Visitor: 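Supplied in C-alpha cells, the structure appears directly below.
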There are 2 protein chains.
Amino acid sequence: MAAERLDEATIADNLHKMEGWVRAEDGNSIWKAFRFKNFVEAFGFMTECAIVAEKLNHHPEWFNVYNRVDVTLTTHDAGGLSELDFKLAARMDKAAAGRMPDHLK
Amino acid sequence: MAAERLDEATIADNLHKMEGWVRAEDGNSIWKAFRFKNFVEAFGFMTECAIVAEKLNHHPEWFNVYNRVDVTLTTHDAGGLSELDFKLAARMDKAAAGRMPDHLK
C-alpha cells in the first residue's frame with residue numbers, strides 16, 4: 001500500500017468519518033485515548049492491534065497503564081499522515097468496539 | 001505480597017543487583033529502556049510481561065514503538081517503590097534476556 005502523505009482535504013474527510021481521533025498540532029499524526037474495563041481487556045486490545053499492525057507493516061506508538069491505551073499514529077516515511085494511519089486507526093476502533101466499558105461506548 | 005514502601009537502603013541494594021534500571025529523580029519509580037530485534041520480538045516480550053503483571057496484580061506503565069519498550073514501575077498504593085516493583089522488574093529482565101539482539105546483550 002502506498003505510504004504517500006495525504007492531502008489536507010483527504011485527511012479532513014477521513015477524520016470526519018472517525019470518532020475520538022485528534023490531529024496533533026503539527027498536523028503530522030493522529031492520537032486517541034482508549035479506555036477499557038481492566039488490564040486484561042486493554043492488553044487484549046493491544047494484542048489484536050499488534051497482529052493487525054504487523055500484517056500492515058505499520059506500527060503504532062502507544063502507551064499503556066492498566067486500563068488505558070494512548071495511541072499515536074504517523075507515517076515516518078511519508079513525513080506525515082498516510083492512508084496506512086487511517087487504515088490502522090479504523091482497525092483499532094473495530095478491535096476496541098467490543099471491549100469498551102458500557103459507560104464509555 | 002506487601003506493597004509497602006521500601007526504605008532507601010533496600011532500594012539501593014535492589015538496584016545494585018540489576019542492570020539498566022534507573023531511578024527517577026523523585027525516587028518514586030524505576031525506569032528501563034528495552035530494545036529488541038523488531039516489533040514481533042518487542043510485543044512478544046510485552047505479552048510475556050503482561051501475563052506476569054496480571055498474575056502479580058501489579059502493572060507496568062510502558063511505551064512501545066516498533067522494537068522499543070520503555071518501562072516505568074512504581075507502586076501507587078505505597079506512594080513509591082515496593083517489593084512488587086523489583087519483583088516485576090526482575091521478571092521483565094528475564095523475559096527480555098532471550099530476546100535481545102546480540103549487540104545489546
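Here the structure is a predicted model, which is why all the values come from computation and not from measurement. Proteins get letters first, then strands, A, B, ... in listed order; numbering begins at 1 in each.
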Visitor: Begin with the C-alpha distance, continue with both residues' side-chain angles, and end with the deciding distance and a verdict on side chain to side chain contact (heavy atoms under 4.5 Å, CB included) for A:Asn64 and B:Phe63.
Guide: CA-CA 6 Å; A:Asn64 161 247; B:Phe63 172 83; over 6 Å; no
Visitor: Grouping I, L, V, M, F, W and Y whenever their side-chain heavy atoms are under 4.5 Å apart, do A:Val71 and A:Ile51 come out in a common cluster?
Guide: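 As far as the 4.5 Å side-chain criterion goes, A:Ile51 and A:Val71 are not connected within one cluster.
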Visitor: Could you tell me which non-hydrogen atom of A:Ala50 sits nearest to which non-hydrogen atom of B:Phe39, and how far apart they are?
Guide: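 Looks like O-CE2, 3.4 Å.
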Visitor: Do B:Val22 and B:Trp62 belong together in a cluster built from hydrophobic side chains that touch within less than 4.5 Å?
Guide: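 No, separate clusters.
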Visitor: Hey, quick one: are B:Leu56 and B:Phe45 part of the same hydrophobic cluster, counting side-chain heavy atoms closer than 4.5 Å, chains of contacts allowed?
Guide: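 Yes, same cluster.
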Visitor: Do the non-hydrogen side-chain atoms of B:Val40 and A:Glu54 ever get within less than 4.5 Å of each other?
Guide: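 Yes, their side chains come closer than 4.5 Å.
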Visitor: Could you point out which residue of A:His58, A:His76, A:His59 forms a ring pair (Phe, Tyr, Trp, His ring centres under 6.0 Å) with B:Tyr66?
Guide: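 When ring pair (Phe, Tyr, Trp, His ring centres under 6.0 Å) is applied between B:Tyr66 and each of A:His58, A:His76, A:His59, only A:His59 qualifies.
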Visitor: Looking at side-chain heavy atoms only, is the closest gap between B:Phe43 and A:Met46 below 4.5 Å?
Guide: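 Yes, close enough: below the 4.5 Å cut-off.
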Visitor: Is it true that B:Phe36 and B:Val52 fall in one hydrophobic cluster, defined by side-chain heavy atoms closer than 4.5 Å?
Guide: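 Result: yes, single cluster for both.
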Visitor: B:Met92, B:Trp31: one ILVMFWY side-chain cluster at the under-4.5 Å cut-off?
Guide: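 Cluster IDs for B:Met92 and B:Trp31 differ.
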